[in-house]
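First up is the structure itself, then whatever we jot down about it.
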Amino acid sequence: MKRRDILKAGVVAGVAGALSAQAQGAQANQPGILTRARNLIFFAYDGMGWEDYAIAQYYSRRVLGKPLALERFLASGVSGLQNTNSLTSFVTESSAAGNAWSTGVKTVNGGLAIHIDGRKLTPIFALAKQQGKAVGLVSTATITHATPASFVVSNPDRNAEEEIAQQYLDFGAEVYLGGGQRFFDPAVRRDKKDMYAEFAARGYAVAKTPAELEAANASKLLGVFSSSHVPYEVDRRFQNVNVPSLAAMTRKALPILAGKREGFVLQIEAARVDHANHLNDAAATLWDILAADEALEAAMNFVDQNPDTLLIIGSDHVCGAPALYGAGSVYRAGSAGIDLLRNEKGSIEFMLARLGNQPTVESVTELYRTVKGIALTPEQAQAVVAAITQRVYLPDAVVRGIQPANTLAWVMRQTDAAQVNRPNIGWNSGQHTAGPTLFGVYGRGVGAARIGLVDNTYNFTLMTRALGIRFQNPVMSEQEALEVLRSRAELPWNHPDDALALA
Ligand code: ZN
Ligand code: MG
Ligand code: ZN
């Protein structure tokens, strides 16, 4: 064996050894990969698949003239794939996926750091807090949304966001930045509680605008910049929506957290890649990935300057399964969609708000011309009017989609494969799908290692090892979970195990 091969074998053994060492409860430090990290950054893409990546990568190279930071990450670091199935479904949603990352065990879709029988799980950032680490959450969703929440709190209902805002106050992370004013505002909360005042009373600077974010000067920071989710990057950039970018929030969070003596843990989430894919909105998806890339670059720069930081990236599941499909003779027009995306200057969400309740064929046609750079036929414009005013959706729009948005997407689909005049991007549905996703690690000591295909729960192993934490959450079997669901009559489909168990 050549020396280089011995080294390679050693590195691979280090990875395999790490897994078995975890099982045996052995010391966590293995050579070759993931020496202890003082700081941890978990960078989540919600609902991003590999075709999303490809579209953004080609757009970035062709139109912006540079490769994605994500491409650089994947080329230089340790990357692979992660399986995303939840405990009882091959198609996960964001809380079960977040739980797999944050607790290391599979759960049923729908709850935060909790099993379906009510057993609470301890998420990774709660463990890190016990070590004295500072904690930060940054997201373009409501900050109380499933992915960030699954890293810090336990709740049987991912949608209990008013309650989760209270749980955040009790948890006491140093940084919360995202959307979701309606869960903090006393005028909107059902209990009329002024969460802004509550956070301020505990020493948080409270920011609601980009200017306030910039000016905030305290060791703890709550920033909520929109009533619900932070508007899409394509609208922020081209329609002058006044919210901070994911990169701006990231750049604000890092120095606050880095000031803590014991180090920090931070989750950054590009949350709305998922939402844009649900709506089958190619431009919104693209620009949110490009915005995420600026935040990722900031995180990578921080790691380069602070090598005792480990950066993990991942996507929690695929959504909509979009693809840039071949167009033209022998696909020679396959790149046309990338060029046409350049003409899109707003999201379908933005268009729906603009159209209001009483759109006309004329207002729809004009809006598609100015926002999407597309000339609709009168029939297509009428389909949009019917979707909004009569809830008549294009039947083939998507399988179980989100309406009327999916009809707005469907009318601008490519119809002539030989004559590309629309982005040649198609979707499977408006729903999450089952495929494996992006997974990668960046930081000192990981550059020579390999990971390959892992389960999404492996992220918890990586994080606990890096932080020197030894902890195992209780494991629930699929069968046990199915029993609970069955007892609640929450098994509407014919699960193959049912026949066996009920027989
Ligand atoms: Zn998700
Ligand atoms: Mg999310
Ligand atoms: Zn989703």
Side-chain angles (χ1 to χ4, degrees), residues 42-50 52-53 82-86 89-102 106-113 123 125 137-153 155 157-161 164 168 176-180 183 226 228-230 232-233 246 249 266-281 284-285 288-289 291-292 295 312-322 347-349 398-403 405-406 409 427-439 456 459:
F42 193 96
F43 196 101
Y45 291 85
D46 199 308
M48 185 173 81
W50 287 108
D52 289 310
Y53 164 75
Q82 56 186 315
N83 287 328
T84 61
N85 65 284
S86 66
S89 173
F90 296 128
V91 179
T92 191
E93 44 70 69
S94 301
S95 60
N99 294 343
W101 287 344
S102 72
K106 297 279 191 185
T107 57
V108 174
N109 292 356
L112 302 168
F125 282 10
L137 298 176
V138 173
S139 177
T140 45
T142 57
I143 193 56
T144 44
H145 212 242
T147 311
S150 69
F151 272 60
V152 299
V153 300
N155 195 305
D157 180 8
R158 58 170 278 181
N159 295 316
E161 292 187 68
I164 292 163
Y168 279 5
Y176 298 104
L177 296 175
F183 305 120
S226 47
S228 182
H229 305 304
V230 179
Y232 290 112
E233 172 72 7
L246 186 62
M249 293 193 283
L266 167 64
Q267 185 200 85
I268 303 163
E269 187 197 21
R272 305 212 69 201
V273 176
D274 179 61
H275 303 160
N277 271 323
H278 276 294
L279 270 49
N280 298 172
D281 189 339
T285 307
D288 265 47
I289 294 173
I312 300 175
I313 61 171
S315 169
D316 58 348
H317 50 78
V318 180
C319 180
S347 71
I348 284 173
E349 180 178 88
V398 286
V399 180
R400 295 174 183 272
I402 293 179
Q403 298 290 8
N406 286 152
W427 281 263
N428 157 275
S429 71
Q431 304 294 85
H432 295 183
T433 62
T437 55
L438 165 75
F439 170 56
N456 55 1
N459 286 276

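Keep in mind the model is a prediction, meaning the values are calculated, not measured. We count ligands from 1, going down the list as the structure has it; atoms in each ligand are counted the same way.
Checking Thr147 against the Mg ion (ligand 2), an N/O/S atom falls under the 2.8 Å cut-off. In summary, an N, O or S atom of Asp46 is located under 2.8 Å from the Mg ion (ligand 2). Within the coordination shell of the Mg ion (ligand 2), defined by N, O or S atoms under 2.8 Å, Asp316 is absent.
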Would you sort out whether Tyr53 and Leu438 count as a side-chain contact (heavy atoms from CB on, under 4.5 Å), showing the intermediate values? CA-CA 9 Å; Tyr53 164 75; Leu438 165 75; over 6 Å; no
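Asp281 and Ser347 form no side-chain donor-acceptor contact under 3.5 Å, judged by distance and modelled atom types alone. Judged by distance alone, the side chains of Thr84 and Gln82 never bring a donor and an acceptor atom under 3.5 Å apart. No side-chain donor-acceptor contact under 3.5 Å links Trp101 and Gln267. Thr285 and Asp52 share no donor-acceptor pair across their side chains, judged by distance under 3.5 Å alone. With hydrogens and angles left out, the side-chain atoms of Asp46 and His275 include no donor and acceptor closer than 3.5 Å.
Checked against Tyr176 for a ring pair (Phe, Tyr, Trp, His ring centres under 6.0 Å), the options Phe183, Phe151, Tyr168 give a single hit: Tyr168.
Counting only distances under 2.8 Å, and ignoring water, the protein N, O or S atoms around the Zn ion (ligand 3) are Asp274 OD1, Asp274 OD2, His278 NE2, His432 NE2.
Looking at Glu269, its N, O or S atom nearest to the Mg ion (ligand 2) turns out to be OE2. Asp316 contributes atom OD2 as its closest N/O/S atom to the Zn ion (ligand 1).
Proximity of His317 to Asp274: side-chain heavy atoms (C-beta onward) are separated by under 4.5 Å at one or more points.
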